[in-house]
Structures are given as structure tokens and as C-alpha cells.
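The block underneath contains the structure these notes are about, expressed in C-alpha cells.
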Amino acid sequence: MIAATSQQYPLKMGAMGVAAGVEYARTGKKPSGYTDTGVMLISAKPIAGVASQDAMTGTRLCWGKQ
């Protein structure tokens, strides 16, 4: 049984990747280094004392339905 999972944000990652590609095409500036696109702990219910969100919030954040 999985009680919680770490969630990343594919729409945000894709948008940032496209923006970096556009900037490279326009200016020749290559992306470098590490880009933090965020992560959140998702569980059935938020966990007291731990930065976490419930599954409904996780679904909304992951797929951009804000």
C-alpha cells in the first residue's frame, strides 16, 4: 500500500523547457545548471507537521487546474 507520494509538475517542466528552447533560438543562450521545478508530498490527508497536500489538491496542482 502506498500512503504518500512525491509529486512533480510536468506542465511546469514542459513550459520551462519550451521557454528555454525559445530563448536559445532567439539569443543563442544555452540553459545551464539545475532548475528546481518543485516537489510536494501528496497523501490521502495532509500530514501534521509535514509540508503536504491531499490528493485532490495534488491533482489540481499537477495538471494545472487552478
Side-chain angles (χ1 to χ4, degrees):
M1 175 192 272
I2 298 174
T5 188
S6 59
Q7 174 178 287
Q8 293 181 303
Y9 304 96
L11 292 178
K12 183 176 182 179
M13 291 175 192
M16 291 175 76
V18 168
V22 168
E23 182 175 1
Y24 176 70
R26 289 184 177 161
T27 68
K29 180 182 175 194
K30 293 181 181 180
S32 65
Y34 172 78
T35 301
D36 184 358
T37 58
V39 65
M40 177 62 64
L41 180 67
I42 303 297
S43 60
K45 296 178 184 175
I47 300 168
V50 178
S52 60
Q53 296 290 331
D54 63 31
M56 291 293 286
T57 301
T59 299
R60 181 177 51 79
L61 291 173
C62 185
W63 299 111
K65 297 176 181 174
Q66 297 188 21

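Residues take their numbers from the sequence shown, with the count starting at 1.
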Hits for side chain to side chain donor-acceptor pair (under 3.5 Å) against Thr57, two or more places apart or cross-chain, chain-then-number order -> Asp54
With a cut-off of 3.5 Å and sequence neighbours excluded, list every side-chain donor-acceptor pair involving residues 5-22.
from: Gln7; atom 1: NE2; to: Gly58; atom 2: O; distance (Å): 3.1

Donor-acceptor contacts, no H, no angles, side chain residues 27-45, under 3.5 Å, sequence neighbours left out:
from: Thr27; atom 1: OG1; to: Glu23; atom 2: O; distance (Å): 2.7
from: Thr27; atom 1: OG1; to: Lys29; atom 2: N; distance (Å): 3.1
from: Asp36; atom 1: OD1; to: Gly38; atom 2: N; distance (Å): 2.8
from: Ser43; atom 1: OG; to: Lys45; atom 2: O; distance (Å): 2.4

